[in-house]
Amino acid sequence: MNVYGDIRTLFRDAVGHVAGERGVSAPDADFSVEPPRDARHGEISSNAALVFAGAFGMKPRDLADRLVARLEASDAVAEISVAGPGFVNLVLEPGRWRDQLRHILGQGIGYGDSQLGAGQRVNVEYVSVNPTGPMHVGHGRGAVVGDALAALLAKAGYAVTREYYVNDAGVQVDLLARSLYHRYREAAGEAPGDMREDFYPGDYLAGTASALLARDGTKWLGAAEEVWLEPVRDFAIEAMMDLIRDDLAALGVAHDVFASERELASSGAVERTLSELEERGLLHVGVLDPPKGKADEDWEPRPQTLFRSTAFGDDADRAIRKSDGSWTYFATDMAYHRDKFERGFPVLIDVWGADHKGYVKRMEAAVEALSAGGARFSVLVCNLVNLSEAGRPVKMSKRAGTYVTLREVVDRVGKDAVRFMMLTRGNEAALDFDLARAVEQSRDNPVFYVQYAHARACSALRNAADAFPGEDFSDAALGRAALDPLDGEEELALIRRLAGWPRTVEAAAEAAEPHRIAYALSEIAAAFHGLWNLGNVDEARRFVVAGDPALSRARLALVRATALVIASGLDIMGVAPVEEMR
RNA sequence: GCGCCCGUAGCUCAGUGGAUAGAGCGCUGGCCUCCGAAGCCAGAGGUCGCAGGUUCGAAUCCUGCCGGGCGCGCCA
């Protein structure tokens with residue numbers, strides 16, 4: 001039960017009917033059924049006649065006239081006309097819109113759930129931060145975008161798995177282990193001197209070092225690196241993953257699967273992947289061109305084994321083995337993506353930070369090759385987050401100690417504000433995040449503005465309980481209310497917005513753009529605040545009208561439906577709907 | 001040099017091929033003798049970077065320029 005979906009069905013039937021008359025089959029083309037920008041063009045407009053006229057050998061306006069002839073018989077349609085080059089514009093019976101409120105009240109938060117995905121399995125991989133330290137704010141954006149996208153796709157009917165790829169192999173974690181060992185010696189009372197330039201300098205390792213000392217005592221002191229490297233590394237990785245999982249928990253992010261690079265590598269998956277590519281002639285030995293546009297005094301041509309990613313649209317072939325014989329990150333990542341595909345995910349989505357943008361093409365090429373075109377793979381690249389405080393940029397420097405971690409920001413403004421702010425831009429756009437703005441209680445702050453609308457709605461319902469003791473204002477009771485009193489243009493405008501919620505969810509899911517949910521909620525909140533304010537000007541237009549329970553009930557049905565849609569959207573965003581502002 | 005992203009109101013930005021391009025901020029002017037103003041309403045403000053092309057129709061798709069950001073051998 002979805003107004004736009006129902007009208008679309010009417011159009012499809014009408015198009016099919018005309019096609020039958022003309023002895024042609026209607027092409028499976030997409031056409032619009034949507035609110036026009038300009039309200040003078042009615043409540044719903046369709047370009048169906050413009051889309052199908054060509055295939056039917058008709059003029060668009062003639063086809064539009066035929067569609068109108070079919071559609072005007074429907075009970076739902078109050079007015080219908082042809083306009084411009086062949087748009088069909090219509091106005092529905094107000095009751096058709098109002099009935100949508102009953103549907104919303106019946107569905108609750110589940111309103112807007114869709115079967116678009118038809119249960120197809122989707123793997124969303126996000127965060128995947130190296131286990132070498134706490135998360136920073138940029139990581140937080142990827143975490144929120146990935147988490148909201150996963151929730152959005154789930155609402156749209158996909159079977160979503162949320163996955164984290166743990167880079168627990170390779171030189172980074174060896175470096176982490178050596179950094180920790182340095183701290184460990186310090187903790188044990190030795191004076192190891194300054195840290196090496198490439199070590200991880202953060203203080204967080206001091207606590208981990210103490211924990212290591214508490215567990216193992218001084219047994220690693222004076223030992224050769226071959227002896228301590230592995231146990232210290234394992235300890236470090238575990239500690240860092242605990243740290244990261246804590247950061248994620250504070251943000252309200254939880255993954256279903258933590259995939260280990262080390263386990264993958266030791267399973268032989270990399271070798272299997274590469275030998276498959278070898279058999280298919282997709283590996284070759286070659287010499288890459290030197291990198292352009294940057295200082296390259298160290299560059300020397302070297303023949304190496306390359307993956308033929310240019311055959312799948314990449315700009316250059318890519319190395320798969322380092323000079324020391326170990327795999328490149330790309331090689332293990334190919335194996336990992338093949339593994340995801342083989343675990344039964346035809347749709348793979350990765351959420352990456354801006355610093356990995358240059359790797360998109362080669363990964364697309366790799367998945368294309370490894371799935372034989374069977375996987376739908378896409379990468380959402382999250383642009384930078386510019387932190388500021390009341391308009392002043394917060395300079396971040398690890399050296400100067402002004403580095404701001406994600407955890408600090410979450411503790412400062414709360415997870416809801418962080419999550420909402422992170423979704424106020426498309427993922428590809430750079431995002432300005434002002435710490436003061438995020439907690440400001442004003443129209444400027446979208447988090448507040450949407451939360452406030454929900455709280456106001458809850459407040460009206462509380463007021464109703466006071467004004468009409470003993471009356472039943474449950475969702476079920478409101479769903480049975482006579483809704484005819486909802487006849488103001490502002491009321492109907494809000495109802496139309498609520499009726500558009502399922503469309504919004506589907507469109508956002510198809511585009512993989514969770515930020516659209518934030519925008520939609522802001523618009524719904526604005527319509528609601530406007531309606532609320534009419535009650536300031538004219539008491540007769542308040543939601544709760546003393547002495548008129550029937551009118552109040554009808555209006556509260558709209559109020560409650562609005563709150564449910566906002567809550568439904570906030571649920572996708574992972575933001576709690578508050579019942580009162582404190 | 002190549003690749004990706006961005007270019008829309010003074011500022012920050014929405015806008016999956018539709019009709020006269022929107023919102024917030026800022027500016028101007030209005031709405032409560034609080035108990036529904038943490039808000040609302042109205043107004044001014046645009047060559048959608050430029051030039052071609054495709055289309056019945058382009059901010060949206062294609063090509064070429066201009067400007068800005070990010071990235072570019074074995075790092076992850």
Side-chain angles (χ1 to χ4, degrees), chain A residues 30 32 34 36-38 40-41 45-47 50-51 53-54 59-61 83-87 89 128-130 132 167 169-173 175 198 261 287-294 296 298-302 304-306 314-316 318-333 354-361 381 383-384 424-432 434 440-446 448-449 451-453 455-456 459-460 463 506-508 510-511 513 515-516 518-520 522-523 526 528-537 539 542-544 581:
Chain A
D30 202 19
S32 69
E34 59 194 11
R37 268 207 290 258
D38 190 329
R40 279 173 300 183
H41 295 126
S45 182
S46 175
N47 67 354
L50 291 118
V51 170
K59 290 181 186 167
R61 286 199 63 111
F87 290 104
N89 297 333
S128 299
V129 177
N130 290 340
T132 55
N167 295 120
V171 297
Q172 296 294 318
V173 287
L175 208 52
D198 55 346
E261 178 186 3
V287 178
L288 290 173
D289 292 334
K292 301 277 177 61
K294 73 176 219 179
D296 53 355
D298 291 339
W299 164 261
E300 44 189 75
R302 184 200 315 278
Q304 51 190 339
T305 307
L306 303 172
D314 197 2
D315 311 305
R318 304 296 177 179
I320 57 169
R321 196 190 281 276
K322 302 183 210 171
S323 52
D324 70 359
S326 62
W327 305 120
T328 61
Y329 179 84
F330 180 55
T332 52
D333 217 8
D355 49 342
H356 291 70
K357 192 158 63 172
Y359 291 76
V360 173
K361 276 196 179 181
V381 176
N383 212 321
L384 304 174
T424 54
R425 291 282 174 272
N427 56 283
E428 309 231 290
L431 172 74
D432 296 319
D434 192 298
E440 196 173 285
Q441 301 206 325
S442 79
R443 178 70 178 90
D444 298 7
N445 177 6
F448 166 78
Y449 190 70
Q451 294 275 37
Y452 185 38
R456 273 183 152 177
S459 164
N463 291 344
E506 291 193 349
E510 274 184 316
E513 292 185 354
H515 73 282
R516 292 191 193 197
Y519 277 93
S522 292
E523 285 171 4
F528 182 70
H529 285 307
L531 188 57
W532 177 286
N533 251 81
L534 293 176
N536 289 338
V537 179
E539 287 207 11
R542 294 190 174 197
F543 297 131
V544 178
M581 307 306 293

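Numbers restart at 1 for each chain; the letters A, B, ... are given by sequence-line order, proteins then strands.
The base of rA76(B) lies close enough to the side chain of Y359(A) for a donor and an acceptor atom to sit less than 3.5 Å apart. Not a single donor-acceptor contact under 3.5 angstrom links the side-chain atoms of N47(A) to the base of rA19(B). Not a single donor-acceptor contact under 3.5 angstrom links the side-chain atoms of R37(A) to the base of rU20(B). With hydrogens and angles left out, the side chain of D315(A) and the base of rG3(B) share no donor-acceptor pair within 3.5 Å.
Residue H515(A) has its side chain nearest to rG15(B) when only rG15(B), rC4(B), rG39(B) are considered. Nearest to the side chain of P36(A), among rA19(B), rC75(B), rG36(B), sits rA19(B). Looking at the side chain of R456(A), the nearest of the listed nucleotides rG39(B), rA14(B), rC75(B) is rG39(B). For K361(A), taking side-chain heavy atoms from C-beta onward, the closest of the listed nucleotides rG73(B), rG39(B), rC4(B) is rC4(B). Counting only heavy atoms from C-beta on, K322(A) has its side chain closest to rA76(B) among rA23(B), rG3(B), rA76(B).
Residue-level contact check: F87(A) touches the bases, meaning some heavy atom is under 4.0 Å from a base atom. Contacts of N89(A) with the nucleic acid, taken as non-hydrogen atoms under 4.0 Å apart, include base atoms. Across all strands, Y449(A) comes closer than 4.0 Å only to sugar-phosphate atoms, never to a base (heavy-atom distances). V381(A) comes within 4.0 angstrom of no nucleic acid atom, judged by non-hydrogen atoms across all strands. Counting non-hydrogen atoms under 4.0 angstrom, H41(A) reaches a base of the nucleic acid. The residue G54(A) sits apart from the nucleic acid: no heavy atom pair falls under 4.0 Å. Counting non-hydrogen atoms under 4.0 angstrom, H356(A) reaches a base of the nucleic acid. Across all strands, S45(A) comes closer than 4.0 Å to base atoms (heavy-atom distances). Contacts of E510(A) with the nucleic acid, taken as non-hydrogen atoms under 4.0 Å apart, are absent. Among the atoms of the strands shown, only primed sugar atoms or phosphate atoms (P, OP1, OP2) are found under 4.0 Å from some heavy atom of D432(A). Across all strands, L50(A) comes closer than 4.0 Å to base atoms (heavy-atom distances). R516(A) comes within 4.0 angstrom of a base, heavy atoms only. Residue-level contact check: R318(A) touches neither bases nor backbone, having no heavy atom under 4.0 Å from any strand. N536(A) comes within contact range of at least one nucleobase, with a heavy-atom separation under 4.0 Å.
R321(A) places none of its side-chain heavy atoms less than 4.5 Å from the side chain of Q304(A).
Comparing the C1' positions of rC5(B) and rG43(B) gives a spacing of 37 Å, expressed to the nearest Å. Straight-line distance between the P atoms of rG73(B) and rU12(B): roughly 32 Å, to the nearest whole Å. For rC66(B) and rG10(B), the C1' atoms lie 23 Å apart once the distance is rounded to whole Å. Taking atom P on both nucleotides, rG49(B) is separated from rG15(B) by 15 Å, rounded to a whole Å.
Distance W532(A) CH2 to rG39(B) P: 13 Å, rounded to the nearest Å. Rounded to whole Å, atom P of rG36(B) lies 17 Å from atom CE of M581(A).
Remark: H529(A) is not in phosphate contact with rA23(B), judged by side-chain N or O atoms under 4.0 Å from OP1 or OP2.
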